[in-house]
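Since this is a predicted model, take the numbers as computed values, not measurements. Below, each value reflects all heavy atoms present in this structure, side chains not excepted, and no hydrogens, waters or symmetry copies. First the proteins, then the strands, lettered A, B, ... as listed; each starts at 1.
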Amino acid sequence: MSSNPIIVWFRESLRLSDHPALYTAAMSGSRVTCSFVYDQESPGIRPLGGATQWWLAQSLRALRAELEALGADLVIRRGPAAKVLGELAREIKAGAVYWNDVAQAGPRAVAADVEAALGDIGVASRVFADDLLVDPAELRGKDGRGPRVFTPFWKRVLALVDPPKPLPTPARLACVTGASSLAIEALGLEPTKPDWAGGLRTTWQAGERAAQQRLTRFLEFAVHGYAGDRDRPDIEATSRLSPHLRFGEISPRQIWHTARFAAEERPACARGIDKFLSELGWREFSRHLLYNNPDLATRNLQPSFDAFPWTKDDAALAAWQRGQTGYPIVDAGMRELWHTGSMHNRVRMVAASLLVKHLLIDWRAGEQWFWDTLVDADPGSNPASWQWVAGSGADAAPYFRVFNPVLQGEKFDANGAYVRRWVPELARLPAGLIHQPWAAKPLELAEAGVALGRSYPSPIVEHKHGRARALAAYASLRTSD
DNA sequence: CCAACTTTGCG
DNA sequence: GCAAAGTTG
């Protein structure tokens, strides 16, 4: 057996349990060095947004602490992965580098460069499937386009997939010490001058341990009512696992197996668990779309949308970003996003629909804002969902689905608790008016302390007009060619 | 006549 | 998903 150590290159699986590369290295009997490379330079990498940078810093801290408990450390470096890992391999005379796959075109190209650079210096590479239930290359089909419709895609995955049982955390690691590491602070991931991360810190706990705890609690308390309550932003009815999944603090296999086991134990929860797993399916579907369309964040999947008459309106975009559109459910969501780095899924759809349909602003502007502000900003789910709302995507919402922000608010935040929490200037309005303050009588506004147009804006566009204008704009797509 | 409910078109 | 048109009692 070779005495040369193995480098485990941590990419987007920042955990110790169910980590195939780490587990295999630990079991090999060789000594191990764990390394993370902050690479925003290699071609094909989409630079992280502000909120995901913040999350990454917290996640690395948690990972480092978990490794220290095993007597190992985390060697953090920055720069192009091929160069950095080549240098590290030389320094510690590594015999091999192991890593978990990131099943995307850009990250796979980076990995191919790493493999080539290591090969040049006689260092072996080994890659392990990890971040998806099914390799997207397997489902590409003969047309080479990959799956386009969610339901048949997910049925196929359900029929075909039996993900391997999650691996345990290695009991011990014979580690190599001495390689120099950057401090996490040196990566510049966290805000300094204006510290905007206060709300993020009080909302989230990053790391593998917190991720496992969330899953356990969700399956214990909330999954039973998940199918019925998941659309309500006023209660905590969802798992809130998405930012943990983003950097692989928990694996899709772990979620799958834990949820499936819970369904067997408690048949009354089976419906909620199926629904929950189908949300994991949407993540999977979006990543497959990304794999087959690497420019998903910039190019319409339906080319006919290239002719769409988007409006350039920086003032309206800014009002939307700041939660000043005059539609309470939308403003609540946009402010929740700014404060916590997250937004309830239902509200994301309504807010996105308002930007794209009522304001006719290019979905890419909204996608980029979410990319910068969401702690769960995912390279697949974020652009795929924006294209879904805009109607330019695969299996997209039909063009005529224009959410009415008042009805959506009344339906899903019926007593207004969500709006009251995030739009405090409306807190004293009764439930019947809180989603449409402009419909209140002057006396009712005065009693609630609301000065429409001063303490809270009037609607940025009247719903009826916005809806009609959106339908007309979408109609122009069909007649223009 | 309306209110409550169901159906249909939206390009 | 919504709103207008149609149906019922």
Contact list (N/O, under 3.5 angstrom) for nucleotides 1-6 of chain C vs protein:
{"from": "C:dG1", "atom 1": "N2", "to": "A:Phe400", "atom 2": "O", "distance (Å)": "3.3"}
{"from": "C:dC2", "atom 1": "OP1", "to": "A:Asn404", "atom 2": "N", "distance (Å)": "3.2"}
{"from": "C:dC2", "atom 1": "OP1", "to": "A:Gln408", "atom 2": "NE2", "distance (Å)": "3.3"}
{"from": "C:dA3", "atom 1": "OP1", "to": "A:Asn404", "atom 2": "ND2", "distance (Å)": "3.2"}
{"from": "C:dA3", "atom 1": "OP1", "to": "A:His463", "atom 2": "NE2", "distance (Å)": "2.8"}
{"from": "C:dA3", "atom 1": "OP2", "to": "A:Asn404", "atom 2": "ND2", "distance (Å)": "3.4"}

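- Considering only residues two or more places apart in sequence or on other chains, A:Trp54 meets the ring pair (Phe, Tyr, Trp, His ring centres under 6.0 Å) condition with none of them.
- Residues in residues 367-391 of chain A take part in these salt bridge (Lys or Arg N to Asp or Glu O under 4.0 Å) pairs, two or more places apart or across chains: A:Arg46-A:Glu367, A:Arg287-A:Asp378, A:Arg348-A:Asp376.
- For A:Trp99, the ring pair (Phe, Tyr, Trp, His ring centres under 6.0 Å) criterion is met by A:Trp9, not counting sequence neighbours.
- For the pair A:Leu471 CG and B:dC10 P, the computed distance is 11 Å after rounding to whole Å.
- Listed by first and then second residue, the side-chain hydrogen bond (donor to acceptor under 3.5 Å, both in side chains) pairs that reach into residues 413-430 of chain A are A:Arg335-A:Glu425, A:Glu336-A:Tyr418, sequence neighbours excluded.
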Under 3.5 Å, which donor-acceptor pairs do the side chains of residues 268-282 of chain A form with other protein atoms, sequence neighbours left out?
{"from": "A:Ser278", "atom 1": "OG", "to": "A:Lys275", "atom 2": "O", "distance (Å)": "3.0"}
{"from": "A:Glu279", "atom 1": "OE1", "to": "A:Arg230", "atom 2": "NH2", "distance (Å)": "3.3"}
{"from": "A:Glu279", "atom 1": "OE2", "to": "A:Arg230", "atom 2": "NH2", "distance (Å)": "3.0"}

